[in-house]
Amino acid sequence: MFGIQPRDLVDDFNPRRRRWSLWTTHPASMPTTSHNTRYKVPRKGHANAYHLSVKFEDLCGFMVKGNVDDVNVLNEVRERIREQGRVWWALEASKGANWYLQPRISSNGGEGVIRATSLKLSVLTNSVTLRRLIRKGVPPALRPKVWLSVSGAAKKRSTVPETYYDELIRATEGKTTPATRQIDHDLPRTFPCHPWLNSEAGQASLRRVLVGYSFRDSEVGYCQGLNYVAALLLLVMKTEEDAFWMLAVLLENVLVSDCYTDTLTGCHVEQRVFRDLLAKNCPRIAAHLEAMGFDVSLVATEWFLCLFSKTLPSETTLRVWDVLFNEGAKVLFHVALAIFKMREDDLLRIQHIGDVIDVLQTTAHHLYEPDELLTFAFDKIGSMTTNTITKERKKQETVVMAERDQRIRRLNSLKMDA
């Protein structure tokens, strides 16, 4: 459904029982460079430097193929991650540990949030600081705790008994449903070159998370794309239970509803919203692609269903998720528009649909510089409020539902004729 996975994954993880914690090890025999290695590669201007294909370890331990420019960019990104980490730790020292575990700001005061008008100055300052810091990137060591807090996953988990996940997994043992059969079919295809995810233990861990959620919400059950999202959550969150609750908050609170149901109604709505946003924010590109007969869903469907986990380099994906969990699903539109906007001149010259797909996929796969993408996403793209997106969704949902009803009537008519 989603094509060839663009990267080979080499981190080796081992499961720990009960909460099935994961930790990273690098086998001594693995012919890869360490995270601290500095690569001696040609800089810009060196003849043929950027035509060379090299294989290297990215910031999340995946073995990837790219060019020497990608390697140099990663070295610079690695250093900025260290600098950003020092900023976070300094704030931990000055503001106190876990200073960011605050109620979320809201202008209308929803559940689990506090009104902006009722905030103390210190809380407001912390919230503004946190938003700025998250856009610059959450240090890898703090991601599990920060994500659980800002996404609402920790609050969601607190509403059920501590044994909820373990009991859910025990209750699903030996059960077979259409969802479990599809999950079993997809497990070997989920980042297959990752030694842990391709191992018996790794696939069992991923299966428990996916099957557990399919029983928690039988209406969603399981949809292709969730396997990649859950797999990356497992690698970041380190425990199955944390990954499960991050998946739950994604599907129940962060993303649009019905995005992963059998009809994919929510996904169809998002594609229509994205098409309209592209016309508004990148009118020249939209007009050119429409004249060619190019449907943006050819690339954007995978982006939205997999949340860019199969599209962008791993650290860039996680930087997008940093903001996604804090600011909501509108971030996906910002990032998708940015990928188009970054290659506007090239796209306007293209005359063949296949070339459009190739340019967008190649661009995304080599976006090793997260700041470049996020700068385009938030500074080069017009402002989009959550309320604006919600209104657009309601309008498009009416169209999508009408088309669905029309298809159902047509199918029923064909059945009656038969």
Side-chain angles (χ1 to χ4, degrees), residues 1-7 9 13 15 20 22 164-237 240-271 297-311 317 332 400 404 407-408 411:
M1 178 177 179
F2 296 113
I4 299 174
Q5 174 63 25
R7 61 185 176 226
L9 314 177
F13 288 79
W20 301 288
L22 314 176
Y164 176 90
Y165 180 72
D166 289 340
E167 291 176 357
L168 177 64
I169 298 307
R170 283 195 293 268
T172 65
E173 291 178 358
K175 301 290 180 63
T176 300
T177 66
T180 64
R181 286 192 288 269
Q182 186 62 52
I183 290 169
D184 290 336
H185 178 72
D186 288 345
L187 285 175
R189 304 189 297 179
T190 308
F191 300 135
C193 294
H194 190 296
W196 181 75
L197 288 172
N198 198 38
S199 70
E200 182 178 349
Q203 291 188 10
S205 183
L206 179 57
R207 186 183 191 277
R208 283 190 288 268
V209 173
L210 293 170
V211 170
Y213 192 80
S214 76
F215 276 81
R216 172 180 169 87
D217 189 341
S218 58
E219 184 176 351
V220 170
Y222 170 77
C223 174
Q224 286 180 307
L226 290 180
N227 51 324
Y228 295 100
V229 174
L232 193 53
L233 285 173
L234 267 174
L235 300 184
V236 173
M237 302 304 295
E240 285 183 26
E241 185 171 3
D242 285 350
F244 171 85
W245 286 112
M246 289 305 302
L247 185 63
V249 82
L250 263 174
L251 301 184
E252 297 166 16
N253 300 95
V254 177
L255 303 177
V256 65
S257 60
D258 296 330
C259 200
Y260 294 95
T261 54
D262 290 341
T263 61
L264 294 179
T265 300
C267 184
H268 293 312
V269 170
E270 299 293 78
Q271 296 305 309
S297 66
L298 290 173
V299 292
T301 297
E302 178 182 304
W303 296 355
F304 281 82
L305 283 178
C306 297
L307 308 183
F308 296 100
S309 62
K310 289 186 77 257
T311 305
T317 299
L332 301 178
V400 169
R404 190 193 69 172
R407 286 195 301 270
I408 292 174
L411 288 173

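Hydrogens, waters and symmetry mates play no part in the numbers below; they use all other heavy atoms, side chains included.
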*Carefully, step by step, assess Leu307 and Leu232 under the rule side-chain contact (heavy atoms from CB on, under 4.5 Å).*
CA-CA 10 Å; Leu307 308 183; Leu232 193 53; over 6 Å; no

*Atom of Ala243, atom of Met237 and distance for their closest heavy-atom approach*: N-CB, 4.0 Å

*Quick one: side chain to side chain donor-acceptor pair (under 3.5 Å) partners of Thr265, sequence neighbours excluded?*
Thr263

*Spacing of Ser297 atom OG and Glu270 atom CD [to the nearest 0.5 Å]*: 13.0 Å

*From Asp258 CG over to Cys223 SG, what is the distance, rounded to the nearest 0.5 angstrom?*
11.5 Å

_Plane angle bin for Tyr228 and Phe191 - parallel if under 30°, tilted between 30 and 60°, otherwise perpendicular_ = perpendicular

*Hey, could you give me the OH/CD distance between Tyr260 and Gln224, rounded to the nearest 0.5 Å?*
12.0 Å

_Nearest atoms (heavy-atom pairs only) where His268 meets Val400_ = CB-CG1, 4.0 Å

*asked:* Using 0.5 Å steps for rounding, measure from the CZ atom of Arg208 to the CG atom of Leu168.
replied: 12.0 Å

*Between Leu305 and Cys259, which heavy-atom pair has the shortest distance, and what is it?*
CD2-O, 3.8 Å

*If only atom types and distance count, is the side chain of Thr172 paired as donor or acceptor with the main-chain N or O of Gly212 below 3.5 Å?*
no

*Do Tyr165 and Val209 touch side chain to side chain, with heavy atoms closer than 4.5 Å?*
yes

*side-chain contact (heavy atoms from CB on, under 4.5 Å) between Tyr222 and Asn227, worked out*: CA-CA 9 Å; Tyr222 170 77; Asn227 51 324; 3.3 Å; yes

*Which atom names give the shortest non-hydrogen contact between Asn198 and Gln203, and what distance separates them?*
OD1-NE2, 3.6 Å

*Can you check whether Cys267 reaches Gln271 side chain to side chain, under 4.5 Å on heavy atoms?*
yes

*Taking the side chain from Thr180 and the backbone from Thr177, do they hold a donor-acceptor pair closer than 3.5 Å?*
yes

*Looking at side-chain heavy atoms only, is the closest gap between Thr311 and Val299 below 4.5 Å?*
no

*Could you please spell out the steps behind the side-chain contact (heavy atoms from CB on, under 4.5 Å) verdict for Leu251 and Leu226?*
CA-CA 10 Å; Leu251 301 184; Leu226 290 180; 3.8 Å; yes

*Between Trp245 and Leu233, is a side-chain contact (heavy atoms from CB on, under 4.5 Å) present by the stated rule, with each step listed?*
CA-CA 10 Å; Trp245 286 112; Leu233 285 173; over 6 Å; no

*Does the distance from a Lys or Arg side-chain N to an Asp or Glu carboxylate O, for Asp186 and Arg189, drop under 4.0 Å?*
yes

*asked:* So, taking the atom named OG in Ser218 and the one named OH in Tyr213, what distance separates them when rounded to the nearest 0.5 Å?
replied: 10.0 Å

*Please report the shortest heavy-atom distance between Gly225 and Cys306, naming the atom on each side.*
CA-SG, 3.9 Å

*Determine the minimum heavy-atom distance between Phe308 and Thr317, stating which atoms define it.*
O-OG1, 3.2 Å

*Which pairs pass salt bridge (charged side-chain N to carboxylate O under 4.0 Å, His left out) with one or both residues in residues 214-230, sequence neighbours excluded?*
Arg216-Glu252

